[in-house]
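Working notes for the structure below.
All ligand and atom numbering here is 1-based and tracks the order in the structure.
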Amino acid sequence: MDTEVLTRGHRAVPADNDPLWWRSAVIYQVYVRSFADGNGDGTGDLAGVRSRLGYLKDLGVDAIWFNPWYPSPLADGGYDVQDYRDIHPQFGTLAEAELLIQEALDLGIRTIIDVVPNHISDQHPWFQAALAAGPGSPERERFWFHPGTGENGDGMPTDWVSSFQGDTWTRTTDPDGTPGEWYLHLFTPEQPDLNWNHPDVRREHEDILRFWFDRGVAGVRIDSAALPVKDPALPPLGDTAHRPGEHPHLDRDELHDIYRAWRAVAEEYEGTRVLVGEVWLDDAERFARYLRPDEMHTAFNFDFMTQPWSTAALRGSIERTLAEHEPVGAPATWVLSNHDITRPVTRYGRADSAFAFARKRFGTPTDLERGTRRARAAALLTAALPGSLYIYQGDELGLPEAELPREVIQDPMHFRSGGVDPGRDGCRVPLPWAGARPPYGFSAADGADTWLPQPADWAPLAAEAQSADPYSMLSLYQEALRLRREVEDLRGEDLAWLELGADVLAFRRGERTVSVTNLGPVPVPLPAHRAVLLSSATQTDASARGILPPDSTVWLAL
Ligand code: GLC
């Protein structure tokens, strides 16, 4: 058969047809609303993405992961899905998505979409039907409806804690206007949790996977993947630690059957369709269970992403990561940020450079110059590690977290914190592409109001301005990704540490390639080498003199 396999009328895999593509792939995350706006309404869309595929090709990515692009009231940026088999009308049409998937494949770029199994939108027909059908109905069994506690039923059925602060249950109103049952939502009330003990729920999601795999999608990112199964007894959370697998709604053992079934669906298809899990778990052994050979292919490495800029912390995390993946034979993933996380340039410039949702506050001071230096060093460090690499849109431009005025914030995390947490919109601001003032080429129409305002000082960060500068963040990313493809040592899966002092993170890949990061306050001498392949420091003359400045990474050929 020709390598350009056609599946049910669609090309399914790019010409390379590499079954192991995902083990070392560079995956670029597109937050559609904020990537590029093709129709000039101030919101990103598929036309915008299609017009910028050449940019992604030049950057050197292997795949794009799209945040949810489905019809949605956008109560949580699209993680409240109304219809899993269509495209949000603000973004385009299903036909256009099919075209986009094919155009990307023509450039050798695969598409990964976001699936959200834990919850749906309260506007989804299933939930609307459940509300209308009333207590005791089969329609309600697809969710977690439950009478309240206490004489009047006005107490919440459980004491479970939301990932978004605030309550996890909302009370419904019966058709006659009286207060009715409660329903469970681990996130916002607009995101009712599905009951994964119900066969309809399982069948529906397997069918959704096939729907997109049939259209040439190369994989799925699984949202909140450790949450979907609940203990049907709805036990109290209590205040004691749970034995692994016995938490009422986190990391329950039954989840593994679901992902085994999904893996079986993926295996029906040509060209390795991958499952990538969003699995937030502290326990490394429990995390690795999701990556057993018949479950997910990879999962995001949040341990690494949340570490501070510290040699011991980063090295510890890299060692833990490699050790926990080894027994299951899965490759690690390396992630510096995503649409939920404070941008690295801002985070690494702060006194506390670790990431924790609970510690986000307005007005936290940052030194952007230092943060940018460190983000450049971190980009090279992560690109040198064995496994797959995720790049969140705009990190390749070195965008800082935008401090948005309260009145424009849309993220429910902000509101549910009582306005204390600035929320996640600061990393979701529309990208600057070109020009001196907003919308910086983001919208086809000049003067368009972008859905979140762009800072007035972003002109030097625009892609066009950076592409002309060999020392820009964009040029650094391009060059790093080119070398990652071309240097054979960087394509392997091995890593050997080099001991170059307490402030230095250094390792060898293969026989002849070394990555050295200086996290300390003073320059350090470089080990003997044949050539400098790439340096994150803009004073390149330093590495020519055999010295690595503070907060920099260099790649050396031995
Ligand atoms: C995941 C997403 C986040 C979303 C949440 C609820 O954590 O990354 O953006 O709000 O799930 O779906």
**Study point:** Of the listed options E278, R221, R428, closest to atom 7 (O) of ligand 1 (non-hydrogen atoms)
**Key:** E278
Practice item. Indicate the ring-plane relationship of Y390 and F300, choosing parallel, tilted or perpendicular according to the 30° and 60° boundaries. Key: perpendicular
Check your understanding: Would you call M413 a ligand 1 contact, heavy-atom distance under 4.0 Å?
Key -> no
Point to revise | Sub-4.0 Å heavy-atom approach of W280 to ligand 1 | key: no
Point to revise | From the candidates I341, D114, D76, the one that places a heavy atom nearest atom 4 (C) of ligand 1 | key: D76
Practice item. May I ask you to list the atoms of ligand 1 that are less than 4.0 angstrom from any heavy atom of S224? Key: 1 (C), 11 (O)
Practice item. Identify whether the distance between the nearest side-chain nitrogen and carboxylate oxygen of D294 and R263 falls below 4.0 Å. Key: no
Review point. Counting from 1, what ligand 1 atoms have a heavy atom of H339 closer than 4.0 Å?
Key: 2 (C), 3 (C), 8 (O), 9 (O)
Review point. Atoms of ligand 1 less than 4.0 Å from H119 heavy atoms?
Key: 6 (C), 12 (O)
Point to revise | Atom indices of ligand 1 within 4.0 angstrom of D340 heavy atoms, with elements | key: 2 (C), 3 (C), 7 (O), 8 (O), 9 (O)
Exercise for review: Kindly indicate whether a cation-pi arrangement holds for R33 with W451, taking the cut-offs as under 6.0 Å to the six-membered ring centre and within 45° of the axis.
Suggested key: yes
Practice item. Identify, with sequence neighbours excluded, every residue that meets side-chain hydrogen bond (donor to acceptor under 3.5 Å, both in side chains) alongside Y183. Key: none
Practice item. Quick one: do Y84 and D207 satisfy side chain to side chain contact (heavy atoms under 4.5 Å, CB included)? Show the steps, please. Key: CA-CA 10 Å; Y84 289 85; D207 195 60; over 6 Å; no
Practice item. Do me a favour and list the nearest non-hydrogen protein atom to atom 1 (C) of ligand 1 with residue, atom name and distance? Key: D223 OD1, 2.7 Å
Review point. With a 4.5 Å limit on heavy-atom distance, are the side chains of H119 and D80 in contact?
Key: no
Exercise for review: Check ligand 1 against R424 and write out every atom of the ligand that is under 4.0 Å from a heavy-atom position of the residue.
Suggested key: 3 (C), 4 (C), 9 (O), 10 (O)
Check your understanding: Does R424 make a cation-pi contact with F357, if we ask for NZ or CZ under 6.0 Å from the ring centre and within 45° of the axis?
Key -> no
